[in-house]
Amino acid sequence: MYQTISIKSSEFQPLPEYLLVKPEELDKEEKSQSGIVIGIQRSVVDRPSCGKIIKAGTNDLGLEENDYIVWPSTDGIDAEFTDGKFLLLKVKSVIGKQVK
């Protein structure tokens with residue numbers, strides 16, 4: 001369930017130790033080796049666990065905007081801004097980031 005926030009994500013600044021993240025969409029289907037499309041049934045607990053930082057509060061880990069990060073799928077708050085669905089995540093939840 002998403003927390004509704006009645007502003008654009010660009011108007012939001014996370015407090016220190018928080019991140020605003022655009023999670024990757026989960027695959028809704030898969031293809032077999034022969035090309036047959038297989039629908040994936042996901043449970044309500046399946047959530048994205050990787051994505052790109054849109055805005056970062058101050059943090060000691062050097063995480064910044066546009067970093068691609070990974071976190072446990074159980075962490076974060078699902079937030080729906082007027083311009084899309086995002087995740088509010090504590091910095092300490094981040095497991096790692098893509099090396100540039």
Side-chain angles (χ1 to χ4, degrees):
M1 180 173 212
Y2 281 86
Q3 173 90 23
T4 303
I5 301 172
S6 300
I7 61 172
K8 292 181 181 179
S9 61
S10 60
E11 300 171 336
F12 181 80
Q13 178 60 49
L15 291 174
E17 301 300 317
Y18 281 89
L19 305 167
L20 180 63
V21 178
K22 183 67 173 173
E24 278 189 354
E25 295 291 324
L26 293 174
D27 289 336
K28 294 187 172 127
E29 60 185 31
E30 231 173 58
K31 284 189 180 180
S32 68
Q33 289 181 331
S34 61
I36 298 172
V37 175
I38 305 166
I40 298 174
Q41 291 189 356
R42 298 216 179 259
S43 73
V44 293
V45 295
D46 284 340
R47 296 175 64 217
S49 59
C50 53
K52 185 172 81 169
I53 297 174
I54 302 301
K55 292 238 181 152
T58 56
N59 64 81
D60 297 333
L61 299 177
L63 297 171
E64 51 193 37
E65 291 179 18
N66 295 316
D67 281 349
Y68 183 82
I69 59 170
V70 177
W71 62 88
S73 62
T74 55
D75 291 7
I77 299 168
D78 296 316
E80 185 170 1
F81 289 82
T82 58
D83 58 342
K85 295 180 179 180
F86 298 86
L87 187 78
L88 292 168
L89 187 66
K90 287 187 177 184
V91 170
K92 68 180 181 178
S93 295
V94 176
I95 297 170
K97 71 176 189 174
Q98 181 179 21
V99 178
K100 295 179 181 180

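Note that the numbering runs from 1 along the sequence shown for the chain.
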> Are any side-chain N or O atoms of S73 and backbone N or O atoms of P48, one a donor and one an acceptor, separated by less than 3.5 Å?
Replying inline: no
>> Would you say CZ of F81 has more than 12 non-hydrogen atoms from neighbouring residues, nucleotides or ligands within 6.0 angstrom?
In response: yes
>> Donor-acceptor pair, distance only, cut-off 3.5 Å: does the side chain of D83 make one with the backbone of S9?
In response: yes
>> Rounded to the nearest 0.5 Å, what separates atom CD1 in I77 from atom CG in L87?
In response: 8.0 Å
> Which heavy-atom pair separates R47 from D78 by the least distance, and what is that distance?
Replying inline: NH2-OD1, 3.0 Å
> Under 4.5 Å between side-chain heavy atoms, hopping through other hydrophobics if needed: is there a path connecting L20 to Y18?
Replying inline: no
> Is there a side-chain contact between P14 and L19, using heavy atoms and a 4.5 Å cut-off?
Replying inline: no
> If you draw a 6.0 Å radius around NZ in K97, do more than 12 non-hydrogen atoms from other residues or ligands fall strictly inside?
Replying inline: yes
>> Please give me the minimum heavy-atom distance between W71 and S93, naming the atom from each residue.
In response: CB-O, 3.6 Å
> Between S49 and P72, which heavy-atom pair has the shortest distance, and what is it?
Replying inline: CB-C, 4.5 Å
>> Is there a path of hydrophobic side-chain contacts, each under 4.5 Å between heavy atoms of I/L/V/M/F/W/Y residues, joining Y2 to F86?
In response: no
Report, one line per pair, each donor and acceptor closer than 3.5 Å where one atom sits in a side chain of residues 51-61; sequence neighbours left out.
from, atom 1, to, atom 2, distance (Å)
K55, NZ, S10, O, 2.9
K55, NZ, F12, O, 3.3
N59, OD1, L61, N, 3.1
N59, OD1, G62, N, 3.0
N59, OD1, L63, N, 3.0
N59, ND2, G57, O, 3.1
N59, ND2, L63, O, 3.1

> Just wondering, do Q3 and L88 contact through their side chains at under 4.5 Å, heavy atoms?
Replying inline: no
> Same cluster or not: are V21 and L15 linked, directly or through other Ile, Leu, Val, Met, Phe, Trp or Tyr residues, by side-chain heavy atoms under 4.5 angstrom apart?
Replying inline: no
>> One thing to verify: whether K100 and D67 come together as a salt bridge, which I'm taking to mean a side-chain N less than 4.0 angstrom from a carboxylate O.
In response: yes
> Closest heavy-atom contact between I5 and A79?
Replying inline: CD1-CB, 3.8 Å
